[in-house]
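Quick notes on the structure that follows.
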Amino acid sequence: MKAIDQSIQGFRETFRRDLVWPFLAPEKITNVDVSNQMILYVEGLNLSFDGFKALNDLNLYIKDGELRCLIGANGAGKTTLMDVITGKTTPDSGSVFFGQTHNLLSKDEADIAQLGIGRKFQKPTVFEEQTVFDNLELSLKTDKRVIQTLFSRLSPTEMDRIDEVLNIIGLKEQCFMKAGALSHGQKQWLEIGMLLVSDPRLLLIDEPVAGMTAQETERTAELLTSLAGERTVIVVEHDMEFVRSIARTVTVLHQGSVLAEGSMDQIQSNQDVIQVYLGEDAMEAEL
Amino acid sequence: MNRILRLCLCFLVLTIPSLSLAVETQSLLQQLTKAKLSQMPNMLEQLEAQGDETLLPIFRAWLGGNLYYKRDDRQLLVKQKINSSTLYVDAFNQQVQADLTSKKVRKIKVNNKLRGLLRGTIARLQLTSKNTELRQAAVRELMADLDAETFNTLEDLYPNEPNASVQEMMQTALSLYVAKDSQHSQSVRLSAIEFLAQSLENDVRNGLIELTQDTNAVVASAAQKALNKINQSVERYAFVDQLFFGLSLGSVLLLASIGLAITFGVMGVINMAHGEMIMLGAYTTYVVQLIMPNYIDYSIWVAIPAAFLVSGLMGVVIERLVICRLHGRPLETLLATFGISLILQQLVRTIFSPLNRQVSTPSWMSGSWEINPVLSLTLNRLYILAFALLVFIALVLILKKSALGLNVRAVSQNRNMAKAMGVKTEWVDAMTFGLGSGIAGIAGVALSQLTNVGPNLGQAYIIDSFMVVVFGGVGNLLGTLVAAFTLGIANKFLEPTTGAVLAAILVLVFIILFIQKRPKGLFPQKGRAAE
Amino acid sequence: MSSLISWFKAGRTSGQYTLPFVVILLSMTVLASVANLLLPQESIFYVSTYSITLLGKYLCYAMLALAVDIIWGYCGILSLGHGAFFALGGYAMGMYLMRQIGDRGVYGNPILPDFMVFLDWQELPWFWLGMDQFWFAMIMAVVVPGLLAFVFGWLAFRSRVTGVYLSIMTQALTYALLLSFFRNEMGFGGNNGLTDFKEILGFDLQSDLTRVALFITTALLLALVLLVSQRILSSRLGKVTLAVRDSEARTRFIGYRTERYKVWLFVYSAVIAGIAGALYVPQVGIINPGEFSPINSIEIVIWVAVGGRGTLIGAIIGALLVNYAKTRFTAIMPDGWLFALGALFVLVTLFLPKGLIGLYGQIQSKRQASVTQEASK
Amino acid sequence: MISMKKVSQLYGGTQILWDLDLDIEPGSITCIMGRNGVGKTTLMKAIMGLLPIKRGEILMAQDALHKQSAEQRAYAGIGYVPQGRDIFPMLTVEENLRIGLPVKKRKDIPEKVFELFPVLKEMLHRRGGDLSGGQQQQLAIGRALVLEPKVLILDEPNEGIQPNIVKQIGDVILKLNAEENLTVILIEQKLGFARRVGKEFRLMEKGRIVAADKMENLNDELIKQYLAV
Amino acid sequence: ADTIKVGVLHSLSGTMAISETTLKDTVLMMVEEQNKKGGLLGKKLEAVVVDPASNWPLFAEKARELLTEDQVDVIFGCWTSVSRKSVLPVIEELNGLMFYPVQYEGEESSYNVFYTGAAPNQQAIPAVNYLKDELGVERWVLAGTDYVYPRTTNKILEAYLKDMGVAEDDIMINYTPFGHSDWQSIVSDIKKFGSAGKKTAVVSTINGDANVPFYKELGNQGISSEDIPVVAFSVGEEELSGLDTAPLVGHLAAWNYFQSVETDENEEFITKWQAYTKNPERVTNDPMEATFIGFNMWANAVTEAGTTDVDAVEKAMIGQETPNLTGGIAVMNKNHHLSKPVLIGEIQDDGQFETVWETDGVVPGDAWSDFLPGSKDLVADWTDPLKCGNYNTETKMCSGQNY
Ligand SMILES: Nc1ncnc2c1ncn2[C@@H]1O[C@H](COP(=O)(O)OP(=O)(O)OP(=O)(O)O)[C@@H](O)[C@H]1O
Ligand SMILES: Nc1ncnc2c1ncn2[C@@H]1O[C@H](COP(=O)(O)OP(=O)(O)OP(=O)(O)O)[C@@H](O)[C@H]1O
Ligand SMILES: NC(N)=O
Ligand SMILES: [Mg+2]
Ligand SMILES: [Mg+2]
């Protein structure tokens with residue numbers, strides 16, 4: 001009797017609408033709890049690839065509305081960190097929380113994106129076979145469930161938003177060009193544009209100005225600064241001039257863990273950082 | 001059993017003693033030319049009663065279907081094949097009969113039943129043969145139903161038998177007789193049964209099964225014990241047998257898919273014409289055998305390189321004419337190679353007709369390696385297993401150690417960059433596709449030994465090949481190897497309980513479920529790089 | 001802003017040929033039907049019943065090709081097992097038609113189909129129950145393929161089985177079904193399948209009127225499916241689908257649960273295939289496990305490729321053309337038609353990379369190129 | 001060293017390069033600059049032979065380069081570091097480097113490569129695709145150097161490279177240029193680097209070379225006209 | 001029309017091309033032959049060949065094409081039962097006429113079809129009798145390809161064997177998929193099954209392509225015909241021509257025709273065939289003889305009826321007599337099946353069969369088996385007054401449509 005009861009119980013449990021049938025599960029409408037001012041908690045993150053430690057007991061806290069620069073030698077683990085935050089890679093151990101309640105490690109990419117974490121990839125990745133416009137339309141912050149997507153219409157506000165972003169990224173003329181036909185730099189812009197229309201809470205931006213001219217770099221800097229406050233921005237860049245122009249706090253990663261953290265000036269004079277990253281005469285060389 | 005037959009045949013050619021037979025026997029033999037099949041068993045009995053060892057050559061010829069007579073004067077003849085030419089010799093005086101065509105002679109009929117009887121007769125006559133193997137075969141042949149007379153003969157022969165294993169066989173036969181014979185005392189029978197417990201001979205097992213129903217309860221239980229013991233080791237050997245079947249099926253899958261592991265796995269061409277490359281290899285084997293009909297035993301050694309060349313060249317041609325124009329459009333290769341496969345099939349149908357072609361098995365590959373009475377491994381499959389592994393190793397070496405291997409992978413990953421690095425991509429493509437196709441051709445040589453050589457040969461293997469390559473993990477040769485053997489063994493261990501059809505279905509379902517766990521096959525390509 | 005709206009309109013032209021195509025399709029259908037039913041046999045405009053049946057069959061294939069194009073052309077899922085859904089739909093219809101025979105079978109058994117009688121089955125297996133009802137059978141014709149697609153897709157897409165792995169798994173699926181349906185124990189008539197149908201919904205299957213009705217139904221359903229699919233694919237869901245095709249990972253990073261999109265599209269496609277199968281069976285008069293054979297499924301993909309993948313109309317045209325070619329070739333040169341068909345596939349691949357539909361684009365871009373060249377001078 | 005005469009190039013229907021003329025002196029370091037999408041990469045691919053040109057000719061020391069295939073151009077002594085690196089992702093670092101060995105009929109990877117980029121030695125057995133962006137960039141340059149080219153084409157080599165390595169790359173370029181008289185064609189957006197390394201500059205706009213001079217003469221006016229947005 | 005059109009509906013590509021192409025050539029040869037004799041009714045014969053490509057629905061389509069587009073007067077065609085089942089409704093709808101030349105499972109008699117191959121009682125039952133009586137077989141392996149013909153045949157044989165008192169344990173039934181090529185386990189099982197001390201035989205309904213690997217495995221595992229004879233119903237000279245038969249000598253087949261039978265008719269037929277195919281090695285087989293008989297009977301019936309009209313020809317067909325190639329006369333019965341002799345032959349090392357047993361006279365083909373519960377009460381009789389393909393002698397009813 002008991003066994004039957006249990007199995008019925010088990011059966012019920014298995015068939016709970018929200019558990020087993022992800023297709024039927026109601027979409028969670030969530031708010032990020034930032035009552036402690038912090039929006040991102042990264043604690044004790046470890047990740048190794050075939051014995052190689054890409055992330056090594058990494059701890060990182062990002063304040064809500066902050067613009068944080070993340071620098072560090074090639075291979076320090078910056079991109080890998082973003083992979084972990086966005087759900088692309090699962091770490092061996094550690095925890096990542098978005099606000100106080102959302103454990104990112106238990107969510108998949110789509111969930112994380114819907115929570116409001118947007119990402120620009122190091123290597124520009126856009127939908128090459130679709131137009132610039134469509135790329136932007138797809139990235140809009142909307143209900144992304146299947147049925148809703150099927151019946152969605154582009155609202156005037158959304159169209160305005162796209163129009164606006166097209167202006168910002170300077171691809172208005174290429175609006176109906178296939179994204180695959182854009183030049184490298186144009187793709188970079190398009191990706192930034194996709195990030196902008198999706199209106200995320202937290203932006204992870206991997207090397208936005210690579211391949212841009214000085215002026216474009218400046219514009220990007222302006223753009224990112226203007227975004228901060230309302231949103232939280234984490235930028236990875238190797239262009240020190242750019243970093244200096246936007247940075248309030250800079251975190252230096254080295255061999256998978258934080259080497260130094262502080263203002264740009266502090267960092268620039270930090271001997272360790274100079275040794276592993278900037279180089280002895282870094283600033284002169286840059287200019 | 002075939003072996004005896006073949007041995008007999010070769011003895012015939014070697015020893016042609018003139019026969020001096022009693023007139024009575026001669027006339028009895030002569031009557032064979034007029035007898036109906038139904039009368040023959042009777043006549044055979046009479047012949048055996050009258051004759052002796054001297055009749056053996058005639059019996060053997062009869063057994064082998066080589067006993068003839070002239071249509072006109074009913075002269076008894078023995079047909080002999082010497083170097084593919086046939087000649088007839090007089091059965092009695094061994095004179096070669098010139099210009100006798102097959103139209104002028106008639107065969108003395110022999111059928112299944114008669115062949116069984118003839119074999120018994122020959123065995124009885126052969127118990128005293130000088131040839132150890134013949135003697136052993138004779139004892140084994142007679143073991144099942146020894147009559148009292150033969151028992152006595154055997155008993156007499158036993159002490160003087162020089163060869164130990166023949167002697168053991170004789171003892172087994174004698175023990176079997178004794179054990180079954182209730183005339184003997186219980187203790188004698190029991191010790192005979194004890195001896196029998198060591199034997200794996202089929203007749204012994206059947207004898208023991210009979211004995212478990214014996215009226216003597218002690219004997220029956222002893223027989224049961226002995227039987228249990230034998231069954232245990234039989235089961236062990238059955239497992240080995242099954243494992244071998246699995247490995248063998250695996251080796252066939254491996255051979256069939258290994259070329260595809262290159263053209264599809266490494267180059268990324270969805271090569272629907274892969275099966276036809278195998279088919280070309282098989283047809284090459286056929287043609288080679290046509291060209292050298294008298295050297296079938298060596299034909300394989302010519303066929304392997306020839307098949308490699310034929311299929312390889314065809315591969316190169318296909319690559320140069322079609323595939324090379326489809327770079328960066330992997331899915332289109334599916335369409336084009338499907339078209340090519342249709343064309344090649346029809347081409348073969350047009351040239352060779354839609355019928356299956358006959359490919360002979362070299363004698364050294366026929367038959368089986370008898371390890372003991374319950375375990376024997378068929379030679380052709382044993383060789384093919386070894387061959388598959390050899391080909392695999394060679395291929396791995398080529399891809400790992402030669403510049404070609406590195407270049408192919410580079411080209412398949414980024415053609416333009418490879419060009420910029422000075423890689424002659426066109427040459428690499430052609431060579432690689434040629435290599436993959438050539439290996440498929442070699443597989444065709446092996447398959448021609450197992451199955452039909454016909455226009456559909458390729459179709460029969462294409463699905464399995466893709467399955468193996470994908471299951472193992474695309475681009476991973478080791479994966480292909482493991483996948484092939486896994487599927488082969490799984491199939492063969494399922495088959496006895498589920499039957500062939502269900503086994504095949506279950507293996508497919510298993511693959512489908514397995515891929516859920518490992519979406520990139522057994523040995524996936526890991527890391528960032530794979531994305 | 002207003003400029004954007006006009007761009008927006010201009011940007012969505014992919015479906016502009018759909019309506020004209022549907023109009024042509026339907027008017028041809030009506031003409032052919034009228035010509036068959038009303039004209040005398042001697043008239044040069046008479047369309048024979050043979051042609052009607054043939055056209056009906058082609059249209060079923062076209063619908064099947066459409067189903068494959070939706071997931072392959074638009075979503076990048078190369079299914080080498082779509083024949084399975086087609087065949088399942090066909091079997092559902094076949095079972096209904098089989099039950100309609102009633103006691104007119106050779107053994108006169110009112111319940112059991114003939115093949116069960118002579119293999120000594122005593123009663124109808126459970127899965128045959130209810131199949132004597134047309135509505136139930138038709139529900140099964142869409143539910144069974146849909147359900148199979150759902151289960152298979154759910155497993156595979158959730159585990160992120162993609163690319164050739166997925167293709168070969170679909171092939172394994174149809175192959176396993178082929179072997180299963182071959183088994184007489186399955187209760188589907190084994191290799192012989194289901195045949196010898198008499199009537200559908202009380203109409204004699206051998207009468208011209210029924211044939212024409214089936215033909216028209218097929219054409220209407222094809223048009224409907226085409227329009228609905230066009231609608232779906234030009235909605236935002238269609239763009240997500242394309243995005244999944246081009247970079248599934250990226251699509252996930254902007255918040256779409258790609259596996260759900262794939263599952264539903266796969267189910268949709270399977271249902272269309274099932275409908276096509278159900279329409280196919282009464283027109284050709286037999287359904288047997290051969291329809292599950294992997295080669296058949298590969299051929300479907302080839303129709304799509306020949307027509308031009310990623311263009312719904314292309315898939316339809318490809319299916320019609322290849323099958324027409326097959327019909328003609330097998331009759332004109334029974335010994336060499338495979339050469340012709342094979343060459344057709346090779347040549348289309350080499351010279352029409354975007355299929356027959358792409359030919360139009362190819363010519364246009366040539367013209368455009370020469371125009372720009374002139375402009376530059 | 002390399003001269004292009006009236007080169008035109010089209011993608012499908014759109015023309016990218018318009019009757020472009022370009023002269024590269026032997027032993028020079030020429031910096032090609034221009035806004036995004038003006039056709040710099042396209043130009044480099046045309047030189048390397050990865051894109052067919054529609055009209056015009058490309059000469060390398062009198063040889064008609066445009067008639068040769070890309071692999072022949074590699075043998076002729078052009079090394080190419082593409083934008084976006086184009087590492088062979090599934091090959092190990094070592095294999096990536098070995099690809100070019102036959103060109104110079106060498107058996108081993110020149111030690112110089114590891115001297116210039118020590119990381120590569122550490123990562124020798126890792127797959128190229130697993131490397132971080134910056135590591136890949138170093139690998140790409142190293143890979144081109146294996147060919148021991150006479151002309152080295154670098155398409156934005158500093159994209160995503162940490163500052164001290166950027167400097168190092170600059171040093172490497174200068175060193176190779178000085179010691180081996182290597183001709184370098186460099187696409188670079190960062191003025192600082194361009195000024196430090198480049199000796200000549202070419203400015204591009206809409207598929208044409210619109211300005212060419214010594215690097216000293218790259219003034220703010222030109223920058224404003226052709227590089228600002 | 002100024003010619004009489006003969007449709008040929010045999011697969012020339014796909015899996016069945018192996019078997020069916022030969023029959024296409026046979027019909028073409030017969031047509032040529034007949035034309036040399038001046039045709040029929042003063043008209044030339046014209047063959048219309050199509051390729052249904054081993055695709056069953058395509059068979060139906062092509063049958064319709066032949067009958068309505070090409071307006072053929074008769075069709076010679078089909079090999080597999082499923083292809084016949086597929087064309088049957090079409091032929092009946094359009095009242096065509098077809099000759100089916102292959103041994104099959106029976107359980108059918110259509111007004112529009114003449115069955116010139118063997119029914120189970122003309123092949124399977126005599127073969128089993130032979131094994132039992134002549135070779136003393138007590139244990140039976142019924143091995144077949146998993147489809148209707150083997151299933152039905154084995155059902156019939158199983159019932160028949162049990163009637164004769166064979167125990168359940170002494171019958172082993174095994175089915176394999178089409179084109180099965182790995183026979184190791186099954187052959188090894190057969191070997192084990194056959195080593196129980198009782199004489200064992202295999203009754204093989206293994207189809208086409210699967211036979212070559214099956215026999216190769218038999219040979220390699222050393223199963224000789226004296227140990228465990230295999231009697232096959234689908235292996236003829238043509239199948240053997242793809243095999244090295246040396247290790248298979250003595251295995252058996254049951255047919256209504258063997259190439260080796262020495263009669264004048266047969267010799268002439270073989271000579272013509274080899275001349276027609278320009279191949280002196282080309283073999284003949286049973287379905288060819290069935291085609292030969294069918295064609296001759298049709299030609300006679302047309303002459304007799306003076307027209308190619310189907311109903312007239314059908315009437316004229318019944319009772320037609322034509323010499324067999326193996327001697328004796330084949331008769332077309334009222335149930336559209338032939339009376340033919342049954343031969344059992346042993347495989348020889350030259351790829352031919354040697355007849356070791358034959359029925360005394362001819363055996364009439366039975367459309368409905370006496371050993372299946374569903375069909376033992378059925379008879380077919382296409383003459384008045386019955387005119388029914390499946391008349392139930394119990395209920396006195398002719399079920400369903402006209403077959
Ligand atoms: N999938 C993987 N397999 C093996 N190694 C990996 C993998 N992913 C990353 N790595 C290694 O982890 C380290 C960190 O890589 P990551 O891309 O995070 O660096 P990064 O800080 O973004 O560098 P960069 O500034 O050059 O982009 C590198 O050494 C890289 O080789
Ligand atoms: N495959 C392609 N198909 C069509 N057009 C293309 C293609 N690749 C590039 N283009 C177009 O050619 C133009 C020049 O591209 P190119 O990549 O040469 O620019 P670039 O000067 O290198 O820019 P960046 O600084 O951003 O790398 C761009 O406007 C781009 O849109
Ligand atoms: N009728 C047969 N052999 O399928
Ligand atoms: Mg990075
Ligand atoms: Mg560029």
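When reading the values below, keep in mind they use all heavy atoms of this one structure, side chains included, and skip hydrogens, waters and symmetry mates. All chains are named by letter (A, B, ...) in the order of the sequence lines, taking the proteins before the strands, and each is independently numbered beginning at 1.
Looking at T425(B), both its backbone and its side chain come within 4.5 Å of chain D, counting heavy atoms on both sides. At a 4.5 Å heavy-atom cutoff, A403(B) makes no contact with chain D through either its backbone or its side chain. Within the 4.5 angstrom heavy-atom criterion, atoms from both the backbone and the side chain of I99(D) approach chain B. For P102(D), no part lies under 4.5 angstrom from a heavy atom of chain B. Of the atoms belonging to Y75(D), it is side-chain heavy atoms, and not backbone ones, that fall under 4.5 Å from chain B.
Inter-residue side-chain proximity for V7(D) and W18(D) is flagged as unmet; no heavy-atom pair is nearer than 4.5 Å. In this structure, W427(B) and N407(B) have side chains that are not in contact, with every pair of non-hydrogen atoms separated by 4.5 Å or more.
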(message) Under the criterion side chain to side chain contact (heavy atoms under 4.5 Å, CB included), I'd like the reasoning laid out for L255(B) against F387(B): C-alpha separation, chi angles, the key distance, then a yes or no.
(response) CA-CA 9 Å; L255(B) 271 176; F387(B) 182 65; 4.3 Å; yes

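When R415(B), K424(B), M421(B), R409(B) are compared by the number of non-hydrogen pairs under 4.5 Å with chain D, M421(B) comes out ahead. Chosen from R73(D), Q72(D), M48(D), R143(D), the residue pairing most often with chain B at heavy-atom distances under 4.5 Å is R143(D). Contacts with chain B were tallied for E95(D), R98(D), K45(D); E95(D) has the most, counting heavy-atom pairs under 4.5 Å. Of the residues considered (S69(D), G79(D), A70(D)), A70(D) shows the highest number of contacts with chain B, using heavy-atom pairs under 4.5 Å.
In this structure a side-chain-to-backbone donor-acceptor pair under 3.5 Å is missing from N177(D) to T183(D).
For the side chain to side chain donor-acceptor pair (under 3.5 Å) condition, no pair includes a residue of residues 464-482 of chain B, sequence neighbours left out.
The structure places CG of L406(B) at 11.0 Å from NZ of K400(B), a figure rounded to the nearest 0.5 Å.
F433(B) is linked by a ring pair (Phe, Tyr, Trp, His ring centres under 6.0 Å) to nothing, counting only residues two or more places apart in sequence or in another chain.
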